[in-house]
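Report on the following structure.
The figures that follow rest on heavy atoms only: side chains count, while hydrogens, waters and symmetry mates do not. Residue numbering restarts at 1 for every chain, and letters A, B, ... go by the order of the sequence lines.
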There are 2 protein chains.
Amino acid sequence: MKKSITLKELAKLLKVSVSTVSKALNDSHEISESTKRKVEEAAKLHNYKPNRAALNLKSGKTNTIGVVLPSIKNFFLARALRGIESVIANTDYNIIISITNESHEKEVKSVEALTNGMVDGLIISVSEETQVLQEFSHLNEIPDDIHVLMFDRVENSVQCDKVLVDDYDAILKAVRDLKFKGRNKIVLASTINKLSVGQLRTRGYIDGIKDQHEPILIEGPEDFVEVKMNRLLQEQEIEAIIALDEEASLASFRAGKKNGVLENGKVFLIGYAGKTMSEHLTPSLTTIDQHGKKVGRTSAKLLLERLKKPQRDIQQIVVDSTLRERDTTLKRS
Amino acid sequence: MKKSITLKELAKLLKVSVSTVSKALNDSHEISESTKRKVEEAAKLHNYKPNRAALNLKSGKTNTIGVVLPSIKNFFLARALRGIESVIANTDYNIIISITNESHEKEVKSVEALTNGMVDGLIISVSEETQVLQEFSHLNEIPDDIHVLMFDRVENSVQCDKVLVDDYDAILKAVRDLKFKGRNKIVLASTINKLSVGQLRTRGYIDGIKDQHEPILIEGPEDFVEVKMNRLLQEQEIEAIIALDEEASLASFRAGKKNGVLENGKVFLIGYAGKTMSEHLTPSLTTIDQHGKKVGRTSAKLLLERLKKPQRDIQQIVVDSTLRERDTTLKRS
DNA sequence: CTGTTAGCGCTTTCAA
DNA sequence: TTGAAAGCGCTAACAG
């Protein structure tokens with residue numbers, strides 16, 4: 001690995017002034033072709049790379065967008081990240097990612113680190129802990145000139161652009177779909193009952209089911225959901241399960257298989273999970289596809305637009321999810 | 001969101017000099033307690049946050065470690081990332097992540113962006129394209145004072161610390177294990193034949209199998225592996241499959257199920273896949289666990305040590321993988 | 001066409 | 001105990 005070299009050193013080597021070198025490298029019209037060539041050669045030879053910190057300090061811009069995510073195990077967030085990247089890749093912005101692992105403290109640290117001159121804009125989906133604590137001051141303290149966009153797990157009290165998923169409607173539609181298929185006794189499983197999105201989905205279920213029966217909710221950690229679901233399937237004549245996240249989906253799936261009610265279509269199951277996982281389960285899992293990539297792309301585009309036009313009105317975009325029918329909602333003989 | 005404020009402005013407000021404010025905020029002994037208090041109050045009130053770019057420029061350090069990964073869909077890399085984070089989280093370093101999506105161009109861009117004054121150190125696993133092109137100049141051009149650590153997909157010609165997985169040995173052991181179980185005719189499936197790690201694993205297979213029969217290799221994209229494997233299972237009496245990556249594992253799994261040879265144990269299958277996926281397949285998949293998290297932790301620790309002692313000799317650490325026996329290597333009636 | 005200079009926000013001698 | 005000034009690497013008026 002070579003040694004890094006500064007403009008000043010380069011200038012000394014070439015026996016010209018720093019500004020000449022700077023201008024030459026920036027292809028300024030006020031520099032002769034011959035010096036430009038000389039400077040460029042020397043720069044290449046010595047592997048000159050402008051110092052980012054200096055550039056940032058000078059310009060007040062960083063040309064970097066920060067992305068703060070609670071997790072990348074979550075397939076939806078992973079896809080959203082790809083969507084964001086695919087858009088940013090076509091710009092001259094860099095992207096830096098920070099994962100909070102659902103920790104509020106890590107989120108605060110990340111946001112502070114990023115917004116103190118590391119990024120021009122921030123795309124964030126908050127951590128579970130942040131939503132539980134309802135503690136958003138770290139977002140409200142972000143300086144004006146750094147633009148923030150929240151997606152998926154958003155918070156109304158924070159004034160910024162937002163990209164959401166139609167959580168309430170998606171589950172409402174799922175319930176209706178099940179009812180249409182003659183499944184009236186439906187149980188809900190969730191490990192994300194502390195998340196805004198989980199609560200919206202649950203509300204969709206409650207509203208959708210209210211004409212049939214009292215809501216049957218199994219909410220808690222994955223193990224808990226599995227145990228409870230197992231018991232429920234033994235004790236009651238459940239006709240369908242809606243699971244609100246991958247963990248609840250898999251827990252429900254295991255419980256269903258254990259009771260042999262999934263293979264024969266006695267109990268239908270609609271869950272949330274990635275494509276690969278859903279298709280490799282036996283029977284394959286019907287899911288609600290939230291179009292993570294589209295959510296990511298939309299978020300990135302929206303932030304980019306705001307970066308261009310800081311004065312624009314705050315926007316909010318909802319991305320619709322769609323039902324992907326697979327074997328767990330298929331009537332068998 | 002508030003307005004950001006600089007040291008200078010704060011000084012003006014307090015009618016003291018910039019240096020006094022700076023010292024007070026850094027808790028210097030040469031400032032009186034009373035001014036310290038006043039300054040700190042004002043700083044809090046106006047939500048003062050030191051400008052990172054200025055700090056970096058001044059100190060020549062960034063307190064940030066860059067992590068460049070080819071993908072996060074890959075469960076091993078995702079786990080490695082968590083390992084890295086878990087170590088860095090306990091230091092005062094920040095971490096910024098860049099995903100290259102297996103593209104050489106993106107990798108070059110990322111590395112350049114990061115190493116031009118954004119980070120003090122870099123942890124990288126190179127992209128597939130980079131390994132195919134054998135193009136590593138972007139790594140060799142990184143300035144001396146930025147320390148690099150390669151993990152998993154490493155390149156000998158780059159002088160830096162390295163953390164590897166025992167790819168060759170792991171497969172060699174897997175072959176032996178299968179032979180011990182009486183499975184002699186073994187086929188190898190891989191979608192990563194262009195990666196160094198894939199080639200090492202393949203060599204382990206070839207060396208392990210050489211006393212039994214000519215190697216039977218199915219190498220190519222996921223679809224191709226599935227089709228070929230399907231045909232092979234119909235035409236020959238295969239006793240076991242070793243799949244070198246998640247895609248090949250799933251393709252082999254599908255082909256095996258289609259031929260009904262996995263459920264009855266007629267064909268054994270050892271693959272690479274995450275825990276959740278492996279356990280939810282039916283039958284569940286025996287895998288080689290590469291201990292991604294440990295790889296990540298080891299990498300981060302090693303880099304941190306080098307950051308402390310830049311002069312230390314270059315190190316190379318190998319993390320052993322272990323076989324996780326599940327149903328696809330279980331003898332049935 | 002080239003050079004001098006000031007300044008981005010901050011820390012840190014050195015002087016007062 | 002406080003302040004003035006230099007300088008980190010770079011750009012961009014402004015002079016020459």
Side-chain angles (χ1 to χ4, degrees), chain A residues 3-40 42-43 46-64 112-113 115-120 143 145-146, chain B residues 3-40 42-43 46-64 112-113 115-120 143 145-146:
Chain A
K3 190 101 191 139
S4 60
I5 192 177
T6 69
L7 255 200
K8 200 200 255 182
E9 293 166 327
L10 208 54
K12 193 177 290 176
L13 279 168
L14 291 164
K15 298 179 205 298
V16 292
S17 78
V18 205
S19 52
T20 304
V21 180
S22 170
K23 286 172 190 163
L25 257 18
N26 289 315
D27 201 26
S28 160
H29 58 274
E30 40 181 272
I31 299 293
S32 74
E33 285 305 319
S34 65
T35 21
K36 266 187 201 169
R37 236 189 316 280
K38 257 186 256 168
V39 171
E40 270 156 19
H46 296 279
N47 191 33
Y48 169 77
K49 297 277 167 56
N51 177 306
R52 276 291 285 259
L55 247 32
N56 294 349
L57 178 56
K58 185 69 193 168
S59 68
K61 297 258 137 270
T62 63
N63 257 136
T64 302
E112 286 184 348
T115 55
N116 289 184
M118 291 207 80
V119 303
D120 298 338
D145 47 357
I146 293 180
Chain B
K3 189 103 191 137
S4 60
I5 192 177
T6 70
L7 256 200
K8 200 200 256 182
E9 293 167 324
L10 208 53
K12 192 176 292 175
L13 279 169
L14 290 164
K15 296 179 207 298
V16 292
S17 78
V18 203
S19 47
T20 303
V21 181
S22 170
K23 286 171 189 164
L25 257 18
N26 289 315
D27 201 26
S28 160
H29 59 274
E30 40 181 272
I31 299 292
S32 75
E33 286 304 319
S34 65
T35 22
K36 266 186 201 169
R37 237 189 315 281
K38 256 185 258 169
V39 170
E40 270 154 20
H46 295 280
N47 190 34
Y48 170 76
K49 296 277 166 57
N51 177 307
R52 276 291 286 258
L55 249 31
N56 294 350
L57 178 56
K58 186 67 195 170
S59 68
K61 298 257 136 273
T62 63
N63 257 134
T64 302
E112 287 184 349
T115 54
N116 289 183
M118 291 206 81
V119 304
D120 297 339
D145 47 357
I146 294 180

How would you list, by chain and number, every residue that makes a side chain to side chain donor-acceptor pair (under 3.5 Å) with [X], sequence neighbours excluded?
{"X": "A:Glu40", "result": "none"}
{"X": "B:Ser32", "result": "B:Ser34, B:Thr35"}
{"X": "A:Asp120", "result": "A:Thr62"}
{"X": "B:Lys49", "result": "B:Asn47"}

Could you go through the side chain to side chain contact (heavy atoms under 4.5 Å, CB included) check for B:Val21 and B:Tyr48 one step at a time? CA-CA 11 Å; B:Val21 181; B:Tyr48 170 76; over 6 Å; no
Contact interval (first through last nucleotide) of DNA chain C with protein chain A, 4.0 Å heavy-atom: C:dC1 to C:dG9
Does [X] have any side-chain contact (heavy atoms from CB on, under 4.5 Å) partners at least two apart in sequence or in another chain, and if so, which?
{"X": "A:Asn26", "value": "A:Ser22"}
{"X": "B:Lys12", "value": "none"}
{"X": "A:Lys38", "value": "none"}
{"X": "B:Thr20", "value": "B:Val16, B:Ser17, B:Ile31"}

Could you spell out the base pairing of DNA chain C as a dot-bracket line? Use Watson-Crick and G-U wobble contacts where both distances are under 3.5 Å, [ ] for crossing pairs, | for partners on a different strand. ||||||||||||||||
A:Lys23: salt bridge (Lys or Arg N to Asp or Glu O under 4.0 Å) partners, not counting sequence neighbours: A:Glu30
Got a list of protein N/O to nucleotides 8-12 of chain D N/O distances below 3.5 Å?
{"from": "D:dC8", "atom 1": "OP2", "to": "A:Lys8", "atom 2": "NZ", "distance (Å)": "3.4"}
{"from": "D:dC10", "atom 1": "OP1", "to": "A:Tyr48", "atom 2": "OH", "distance (Å)": "2.6"}
{"from": "D:dC10", "atom 1": "OP1", "to": "A:Asn51", "atom 2": "N", "distance (Å)": "3.2"}
{"from": "D:dC10", "atom 1": "OP2", "to": "A:Leu7", "atom 2": "N", "distance (Å)": "2.4"}
{"from": "D:dT11", "atom 1": "OP1", "to": "A:Asn26", "atom 2": "ND2", "distance (Å)": "3.4"}
{"from": "D:dT11", "atom 1": "OP2", "to": "A:Ser22", "atom 2": "OG", "distance (Å)": "2.7"}
{"from": "D:dT11", "atom 1": "O2", "to": "A:Lys58", "atom 2": "NZ", "distance (Å)": "3.0"}

